[in-house]
Amino acid sequence: MSIRKHLSALAAGAAMLTAGTAAQAFPERPINLVVPFNAGGGTDLLLRAFAPHFAEALEGDVFVSNTAGGAGTVAAGALAGQSADGHQLGYWSITVATIQPQVRETPYGLDSWTPICSVAASPTLFFVNADSPFETIDDVVAAVEENPGQYLYGSSGPGAITHLTMVAAFSGLGIHDKVRHLPFQGSGPALQGMAAGTIQFFGDTELLMASGDFRPLMVFNDTRLDSFPDVPTAAEVGIEAPLNELYLWGGLFAPAGVDPDVTARLSDACEAAINSEGFQAFAERTNTVIDFKDAQEFDAFYRAQYEANGALIEAAGL
Amino acid sequence: MLALINERALVALVLFLTGIALLWTAIAGGTPDLQPAFDPRFFPRIVLTLWVAIAAMELAAAVWRREPSLEPAAWRIGVLVIAVLLYAVLFTRLGFFITSVAFCIVSLLVLGQRHILTIAAFAIGAPTMLLILFNRVLKMPLPASPFFWWL
Amino acid sequence: MLDMLPQALGLIFTLEGIAVLVLGTMLGIILGALPGIGSTVAVAIILPFTLGMGQIAAILLVLAVYAGSVYGGSISAILINTPGTPQSAATCLDGYPMSQRGEAGLALGWATLASVIGGIVSAILLILAAPQVAAFALNFGPIETFALILLGLTCIVSVSEGSMIKGLLAGVIGIFLSSVGGDPITGEARFTFGAFELLAGFDLLAVVIGVFALSEVLLRASRRIDGAALLVAFEGIVLPKLRAWKGRLGVLAKSVAIGCGVGVLPGTGAATAAFISYAEARRSSPRRENFGKGEPDGIIASESANNAVTGGALVPTMALGIPGDAITAVMLATLTLHGVTPGVRLMTSNPTLIAAIFTGFLLINLILLPLGMLVSRLAAPLLRMREAFLMTAIAIFCVIGVYFVRGNPFDLLVMAIAGVIGFLLRRQGYPMAPLVIGMVLGPTLEMSLRQGLIITNGSFAAFFTGHPIAVALMLTALLLLSLPVYRAMMNRRRTA
């Protein structure tokens, strides 16, 4: 940030004090994007690649900061109480926004946010080891029915998207009480547990699955994936809504009560940033599945997800 | 009785009582018939039992041996402790620059510096350099103050 | 792998490649040497700069900063007794006493050579046998991990020789601190007493920086400060003479092996390796009587092991796509960002790239020696600062370092309180190394124990059947535990 920019921002701030509405002067100071995880993780990289294009679209400054801990709830809890002037935005995933507030005491909930835009969404897949005897979901159901209580499924932690994927799968197939859950600390150790044969089933996004020798058996998407045309969707193998679709999505949220003009401004800037060449190239390199929704769409989607995941959480017994 | 209370015994006593209190919450709060693997208090109960047992041994040793007590820490350590605590708490609220300047001044005075110009130069110079380093060069912004967002 | 070498060297030896190696290593050493700022923060600082770089340059930069910062941590540990990271905490135990004796330059010389050798051996391991080693690491399920951690915990006993009860108590407190927060199996809150902030648990780095670095500032302030006296006499690194190595090669070899081994295994890391290796040297070195009083063997053990971890930890990261610790997780993200998917297919699909990365890592470890000497020469004048200014600066770095790890205001409070409690405990002679060991190993101990119980359907006995590696590890732990007791009894008999 140059001195000149400083001065112009100062001037803009002064102008705002004398004249009128928030939206005209917005942004009056640098915008802070809060990453609820450590620097260097997948979410952090996504936001750091997104920030410069977002700044360009807003014609202002944007900086990224990290607040980690409590599976993302520490950052969200801190942001929930901040002033709703639109200068502080958080990037919350499905877990932070809709799952954690329903499984533990968090200082925020459904109505703490003004959803701004959704950025990415990847469907999760149910997979097994490449050398495992299970070729289809029917094989899995048959084996579990034959030996109830013998098979273990993994997760990256209680209440994580990986856990809900497994719960959705086994509840949807009606055999949830015949498999056991073995949580790990993160997806990495869980994938290692898969490779070593400690657990038999795991569910995560395509990106994670690509790191090992795994075989997908179904995908929690509304259509089959281009990359795995032979893998059926959850609905095709008989899992009914709302358990048949599960996405690891994430988007920008501001504290509740942001001025509608400012929300619209941010949402437009978000769209422009997502469509920028630089961000598209980033998404291609990292296999990020971009999924833009504007403020209104995202608001409706977020509330629907909150409800639907509540049902899943109940099934998981959390 | 008074002779038994030396600093070592006092520290041991505080650790022992803390252990007892924590162990009590770990035993009282749990549901009894959970399998160990699914009982959140299973592991802490083992650890806290060890804590209480070892602390009791240390307490006994401290009272038994009755070592000559250390010379009490100087008053300035109390001031420094409070300064450090306030610095940590206010760092994110009032911003890096204001709190760091204040902490430098207090810390240098407590540590026996009396030359006002040197103190002022360090208290303003060091935080300014760090601010430039992190905010401008490394692009990892330090917390800003609510009064002046550019500091 | 070796046949790819020419192409790999071609990729590295570009202007950008060499610049990145030198500058990255240098920056890593400097950041690592700043008290309070460790590898995690160093790598996080550098990551955004790699966004615009080429694939090889970006990966080499992160690697260089990583290896440099692990080494750099030993500089502040030895000179001012304030390790920036848990992994150099063990280096303090003998490095700082050596400094106080006026042999700071020599202590750093041992640390530098040990680091370089540890790093190089692990790099060679990485080049020659990554896939095979990674496959072996898969044998470590939760039950084996549990046994390994038990073995690791026995080093509390050898680290606290002389003040056994206090050391054990500090270790237990460390394990307890690590269990505060959300339960890893059920997600239920433990010991949070309704405080939302505690749900995330105590951050290891906040506690380590508090009890080691901040409490050091308070301890010094509590003593009479001599305004004119130098903190430590240091003019630059003094390399130990060749014949001084006589009788120390065994310690070195064993420590490097421990470092590589621990680095490869999941759920552990550089701090664990440094402590286990230090404890093992203290148990078996011919000069074990001098440990804790400034014995070079202690520095060699800790520094060669923690640098050997850097290469070891890359094995599962590259070969399986599974990060060994928080730092290799960042490495993994960097790779992904630049269009490389680490994992089982990487070795076969892009061997030139892998060869370039591994060779680059070897080169980084080679230039650690000259760059380390350069940086400590540059840092020497800083140590001539008056103690009051140096201590104030350390306190500021502690706060900044902890702030950047998670950006969590609560962590700062934790660090400050840990500093005050650490000060009170250290005044009474409680060693702080066991507390750190407990906090590092605690979460994995509990997690692997309870995971094991889930696998065996709640049976402890099943831990011993069908897990030969686990049984062997537990027997070794038992042996190591009984050894000091046996030794103490023999001593008593001799004196009686």
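What's counted below: heavy atoms across the whole structure, side chains too, no hydrogens, waters or symmetry copies. Sequence lines set the chain letters: A, B, ... in the order given, protein chains first and strands last, and positions in each chain run from 1.
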Contact leader toward chain B among [options], where contacts are heavy-atom pairs under 4.5 Å:
options	result
Ile46(C), Ile185(C), Ile396(C), Thr186(C)	Ile396(C)
Ala393(C), Pro409(C), Gly438(C)	Pro409(C)
Val420(C), Val414(C), Ile400(C), Ile417(C)	Ile400(C)

Name the region of [X], side chain, backbone, both or neither, that has any atom closer than 4.5 Å to a heavy atom of chain C.
X	result
Ile46(B)	neither
Val89(B)	side chain
Leu85(B)	both

Heavy atoms under 4.5 Å from chain C: which residues of residues 120-129 of chain B carry them?
->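 Within residues 120-129 of chain B, near chain C: Phe122(B).
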With a 3.5 Å distance limit and no angle check, can you tell me whether [X] reaches the backbone of [Y] through a side-chain donor-acceptor pair?
X	Y	result
Arg190(C)	Ala26(B)	no
Arg114(B)	Leu109(B)	yes
Ser459(C)	Ala462(C)	yes

Using non-hydrogen atoms only, which part of [X] is less than 4.5 Å away from chain B: side chain, backbone, both, or neither?
X	result
Phe389(C)	both
Phe193(C)	side chain
Glu188(C)	side chain

Mind ranking Leu50(B), Leu80(B), Leu48(B) by heavy-atom pairs under 4.5 Å with chain C and telling me who comes out on top?
->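 When all of Leu50(B), Leu80(B), Leu48(B) are compared, Leu48(B) has the most.
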Can you sort out the partners of Val79(B) under side-chain contact (heavy atoms from CB on, under 4.5 Å), two or more places apart, ordered by chain and number?
-> Trp75(B), Val106(B), Val110(B)
Validation row, ring centre Phe134(B) to ring centre Phe404(C) under 6.0 Å | yes
Does a side-chain heavy-atom distance below 4.5 Å link Thr82(C) with Val217(C)?
-> no
Distance-minimising heavy-atom pair for Phe38(B) and Arg450(C) | C-NH2, 3.9 Å
If you take all heavy atoms of Ile143(C) and Gly452(C), which pair is closest and at what distance?
-> CG1-CA, 4.0 Å
May I have all residue pairs that pass side chain to side chain donor-acceptor pair (under 3.5 Å) and include part of residues 95-108 of chain B, sequence neighbours excluded?
-> Tyr87(B)-Ser100(B), Ser107(B)-Thr392(C)
Show me, pair by pair, the donor-acceptor contacts under 3.5 angstrom made by side chains of residues 169-180 of chain C, not counting sequence neighbours?
| from | atom 1 | to | atom 2 | distance (Å) |
| --- | --- | --- | --- | --- |
| Ser178(C) | OG | Ile175(C) | O | 2.7 |
| Ser179(C) | OG | Phe176(C) | O | 2.9 |

Interatomic distance, Leu111(B) atom CG to Met391(C) atom CE [nearest 0.5 angstrom] | 8.5 Å
